[in-house]
Amino acid sequence: METRKIKTLFVEDEALLRTLFEDSLSIEKEDYPGYSFKLETVSDYGAAVKRIKDGEIPDILILDLRLPRGESESGEEIPEKEYGFEILRLVKADQKFAKMPVIIFTNLADRETEIKSYELGADRFLIKSKTVPHELFAAVMEVVREAIDKKPR
């Protein structure tokens with residue numbers, strides 16, 4: 001059986017959540033034979049944009065909405081804002097990335113945020129406080145399989 005490598009970019013500023021997902025990935029992958037996983041994580045807007053533009057194109061993007069911009073020139077942390085929407089806009093506006101599936105993973109649990117996420121092109125919207133790691137992983141697999149099925153053979 002051919003193994004399908006899934007390149008996942010996880011944009012999340014909370015180190016604990018990044019670690020939980022990495023741990024879940026190592027445990028859950030046994031339930032998905034034929035898939036291997038390459039996970040990269042970044043924690044702010046600047047690092048995410050640089051990684052998306054300069055790195056290997058991920059098969060899927062898991063994106064927090066409330067992200068810090070990154071460090072200022074003085075090395076001072078810039079406060080968080082909803083920079084995830086800016087990343088989503090950037091990805092969906094560029095033909096090179098437009099078909100890359102995106103899962104929004106946020107604690108912004110209001111209906112307006114969910115609607116905006118889908119309008120901007122998100123494939124799934126998950127609320128962090130209501131999602132355990134294996135549910136996030138299951139959503140990743142579902143979205144990836146849908147994307148694979150849509151690709152011309």
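On a predicted model such as this, the values are computed, not experimentally measured, just so you know.
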* Asked: Considering only heavy atoms from C-beta outward, does the side chain of Thr8 approach that of Asp59 to under 4.5 Å?
  -> no
Taken to the nearest 0.5 Å, the spacing of Leu126 CG from Ser117 OG works out to 10.5 Å
Next on the checklist: With a 6.0 Å cut-off on the ring centroids, do Phe85 and Tyr45 count as close?
Outcome noted: no
Requested in this report: Mark yes or no for whether Arg51, through its side chain, and Thr41, through its backbone, hold a donor-acceptor pair below 3.5 Å.
Outcome: no
Point to revise | Heavy-atom check, side chain of Glu114 versus side chain of Leu108, under 4.5 Å | key: no
Item to complete: Would you mind checking if Asp13 and Arg18 are paired as a salt bridge, meaning a charged N to carboxylate O distance below 4.0 Å?
Response: no
Problem set entry | side-chain contact (heavy atoms from CB on, under 4.5 Å) between Val11 and Ile62, intermediate numbers included | CA-CA 6 Å; Val11 183; Ile62 304 170; over 6 Å; no
Of all heavy-atom pairs linking Ala147 and Pro101, the shortest is CB-CG, 3.7 Å
query = Is Glu135 close to Lys130 at the side-chain level, that is, under 4.5 Å between some pair of heavy atoms?
reply = no
Distance col, row Ile52:CD1 vs Leu61:CG, nearest 0.5 angstrom, shows 5.0 Å
Q) Hey, is the main chain of Phe125 close enough, under 3.5 Å, to the side chain of Tyr118 for a donor-acceptor pair? A) yes
Tightest non-hydrogen contact, residues Ala122 and Ile104, listed as CB-CG1, 3.6 Å
Output for pair (Ile60 CD1, Glu142 CD), nearest 0.5 Å, gives 10.0 Å
- prompt: Is any NZ, NE, NH1 or NH2 atom of the basic residue among Lys116 and Glu119 found under 4.0 Å from an Asp or Glu carboxylate oxygen of the other?
  reply: no
May I ask you to say whether Lys128 pairs ionically with Glu12, meaning some side-chain N is under 4.0 Å from a carboxylate O?
yes
Checklist entry - Hey, mind stepping through Asp44 and Val42 against side-chain contact (heavy atoms from CB on, under 4.5 Å) and telling me if it holds? => result CA-CA 6 Å; Asp44 62 55; Val42 294; over 6 Å; no
To the nearest 0.5 Å, atom CZ of Arg69 lies from atom OH of Tyr83 at 5.0 Å
| said: Membership question, hydrophobic clusters at under 4.5 Å side-chain separation (ILVMFWY): are Ile87 and Ile115 in the same one? | reply: no
Looking only at heavy atoms, the pair that brings Ile127 and Thr131 closest together is O-OG1, 2.7 Å
When you measure from the side chain of Asn107 to the backbone of Ser129, do you find a donor-acceptor pair of N or O atoms at a distance under 3.5 Å? yes
Any donor-acceptor pair under 3.5 Å from Thr113 side chain to Ala109 backbone
no
Phe10 meets the ring pair (Phe, Tyr, Trp, His ring centres under 6.0 Å) criterion, sequence neighbours left out, with Phe21
Rounding to 0.5 Å, atoms CZ (Phe37) and CZ (Arg4) come to a distance of 10.5 Å
ask   = Would you call Arg124 and Glu146 a salt bridge, taking side-chain N to carboxylate O under 4.0 Å as the test?
value = yes
- Message: Between Glu40 and Lys7 (salt bridge meaning N to carboxylate O under 4.0 Å), is one present in this structure?
- Response: no
To the nearest 0.5 Å, atom CD of Glu86 lies from atom CG of Leu65 at 11.0 Å
Q: Spell out, as yes or no, whether a donor-acceptor pair under 3.5 Å connects the side chain of Asp64 to the backbone of Leu67.
A: no
Smallest heavy-atom separation, Met100 atom then Lys92 atom, equals O-NZ, 2.9 Å
Does one hydrophobic cluster hold both Ile57 and Leu88, with members joined at side-chain heavy-atom distances below 4.5 Å?
yes
field: Side-chain heavy-atom pair Leu136, Phe105 within 4.5 angstrom cut-off
entry: yes
